[in-house]
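Report on the following structure.
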Amino acid sequence: MEQFQGVISRAGEKKLLPQEEILWADGAEKEGSMTGERVLERNEVAIEFGAQSRNESFARMVAAAYAAQLNPTLEEISDIKTAVSEAVTNAVIHGYNGQNGTVRMKLALEESEVQIEVTDYGAGMENVLLAMEPMYTTRADMERSGMGFAFMEAFMDELEVYSAPQRGTVVRMRKRIAPTAREE
């Protein structure tokens with residue numbers, strides 16, 4: 001079985017996680033299935049959609065509408081939409097390479113923070129740290145810029161990426177929403 005890799009990025013500082021700290025989507029253990037079902041907790045929503053580029057805009061709008069519960073600024077909404085766009089595009093382009101597949105997006109609110117998880121069950125990555133380097137791409141033939149993870153890092157407060165070859169990839173992002181004058 002391929003080794004799982006996990007990387008966490010906070011404020012642009014990347015850290016490779018030890019194997020014992022790696023959890024997959026929905027809290028499934030690293031040796032477990034990524035497709036296990038569980039009951040949604042907290043204020044969560046989960047959607048699945050086909051791995052097609054045209055669904056990227058749908059994912060962006062769902063994330064923006066969901067985050068609106070926290071009364072974010074237009075800039076915060078734009079940041080969330082951009083990060084979701086990059087995560088979903090990576091799943092479609094790199095995870096499935098134009099083949100049929102499923103992308104799962106889970107959103108949760110916790111106090112003043114929105115949490116977004118984008119999962120694919122496709123190709124996965126052998127070297128997550130390398131894949132997160134700016135300008136790195138496996139699809140130069142498609143004129144991909146290799147800036148997806150860099151944008152996710154820039155627009156979100158925290159980014160976690162978990163992946164294993166032929167098992168898929170999980171991207172977890174967090175963004176704190178600043179309280180507005182009305183809420184203070």
Side-chain angles (χ1 to χ4, degrees), residues 4-18 20-30 32 34 36-49 55-92 95 102-120 125 128-129 131-132 134 147-163 168-184:
F4 290 83
Q5 283 194 350
V7 173
I8 188 165
S9 173
R10 290 186 185 106
E13 295 290 321
K14 294 179 191 72
K15 174 185 162 191
L16 187 63
L17 296 172
E20 60 270 10
E21 291 185 27
I22 296 175
L23 294 177
W24 274 97
D26 299 327
E29 295 297 330
K30 62 185 176 205
M34 287 176 52
E37 287 296 316
R38 73 174 185 84
V39 176
L40 294 177
E41 301 167 0
R42 306 178 283 149
N43 184 4
E44 295 180 341
V45 64
I47 60 169
E48 291 185 346
F49 48 90
N55 288 331
E56 174 266 329
S57 61
F58 168 72
R60 287 168 50 100
M61 296 310 294
V62 168
Y66 186 78
Q69 296 175 68
L70 295 177
N71 199 20
T73 65
L74 289 176
E75 182 179 355
E76 289 167 331
I77 286 289
S78 180
D79 291 352
I80 290 166
K81 289 169 67 175
T82 299
V84 165
S85 179
E86 295 296 337
V88 171
T89 297
N90 278 357
V92 171
T102 300
V103 177
R104 184 170 198 260
M105 185 170 74
K106 185 172 77 172
L107 303 117
L109 298 178
E110 199 167 282
E111 296 181 16
S112 63
E113 180 181 80
V114 63
Q115 302 166 5
I116 303 165
E117 182 176 283
V118 177
T119 303
D120 73 68
M125 295 177 268
V128 176
L129 273 174
M132 291 178 75
M147 294 298 291
F149 287 122
F151 288 143
M152 287 181 244
E153 284 180 296
F155 292 117
M156 301 300 276
D157 296 315
E158 185 174 296
L159 172 67
E160 297 176 44
V161 181
Y162 301 92
S163 193
T169 300
V170 178
V171 174
R172 289 187 182 135
M173 303 175 283
R174 297 174 186 268
K175 178 135 185 103
R176 286 178 294 287
I177 304 300
T180 63
R182 292 189 309 267
E183 296 171 342
E184 293 175 344

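The salt bridge (charged side-chain N to carboxylate O under 4.0 Å, His left out) analysis of residues 55-75, with sequence neighbours excluded, yields the pairs Glu56-Arg60.
A search for side-chain contact (heavy atoms from CB on, under 4.5 Å) contacts involving Phe49 returns Ile47, Asn55, Phe58, Ala59, Val88, Val103, Met105, not counting sequence neighbours.
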Asn71 vs Ile177, side-chain contact (heavy atoms from CB on, under 4.5 Å): CA-CA, chis, key distance, verdict: CA-CA 8 Å; Asn71 199 20; Ile177 304 300; over 6 Å; no
Could you go through the side-chain contact (heavy atoms from CB on, under 4.5 Å) check for Arg104 and Val118 one step at a time? CA-CA 6 Å; Arg104 184 170 198 260; Val118 177; over 6 Å; no
Might you work through the side chain to side chain donor-acceptor pair (under 3.5 Å) test for Glu153 and Ser9, ending with a clear yes or no? CA-CA 7 Å; Glu153 284 180 296; Ser9 173; 2.4 Å; yes
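The two residues Arg172 and Tyr162 make their nearest non-hydrogen contact at NH1-CE1, 3.5 Å. Here the shortest heavy-atom pairing between Ala63 and Val84 reads CB-CG2, 3.7 Å. Residues Ser163 and Val128 approach most closely at CB-CG2, 3.9 Å, considering heavy atoms. Closest approach of Met125 to Ala131, counting heavy atoms only: SD-CB, 3.3 Å. A pairwise comparison of heavy atoms in Ala178 and Glu76 identifies N-OE2, 3.0 Å as the closest pair. For Ile77 against Ala67, the heavy-atom pair with the smallest separation is CD1-CB, 4.3 Å.
In this model, a donor atom of one side chain and an acceptor atom of the other lie less than 3.5 Å apart for Asn43 and Gln69. Side chain to side chain, Gln115 and Glu113 meet the donor-acceptor criterion of an N or O pair below 3.5 Å.
At least one side-chain heavy atom of Val161 sits less than 4.5 Å from a side-chain heavy atom of Thr169. Using a 4.5 Å heavy-atom threshold, the side chains of Met132 and Val7 count as touching. Taking the side chain as every heavy atom from C-beta outward, Arg174 and Val114 never approach each other to under 4.5 Å. With contacts defined as side-chain heavy-atom distances shorter than 4.5 Å, the pair Leu70/Leu109 qualifies. Taking 4.5 Å as the limit, some side-chain heavy atom of Val171 sits within range of a side-chain heavy atom of Met152. Residues Ile116 and Ile80 form a side-chain contact, since some pair of their non-hydrogen atoms from C-beta on lies under 4.5 Å apart. Between Asp79 and Lys175, some side-chain heavy-atom pair lies under the 4.5 Å cut-off.
Between the CG atom in Leu159 and the CE atom in Met173 there is a gap of 7.5 Å [rounded to 0.5 Å]. Between Arg176 atom CZ and Met156 atom CE the span is 10.5 Å, to the nearest 0.5 Å. Atom-to-atom distance recorded for Phe149:CZ and Lys14:NZ is 10.0 Å, nearest 0.5 angstrom. Note that CD of Glu110 and CD of Glu44 are 9.0 Å apart. Values are rounded to the nearest 0.5 Å.
Side chain of Ser85 to backbone of Lys81: no donor-acceptor contact under 3.5 angstrom is found. Counting only distance, with no hydrogens or angles, the side chain of Ser78 and the backbone of Leu74 share no donor-acceptor pair below 3.5 Å.
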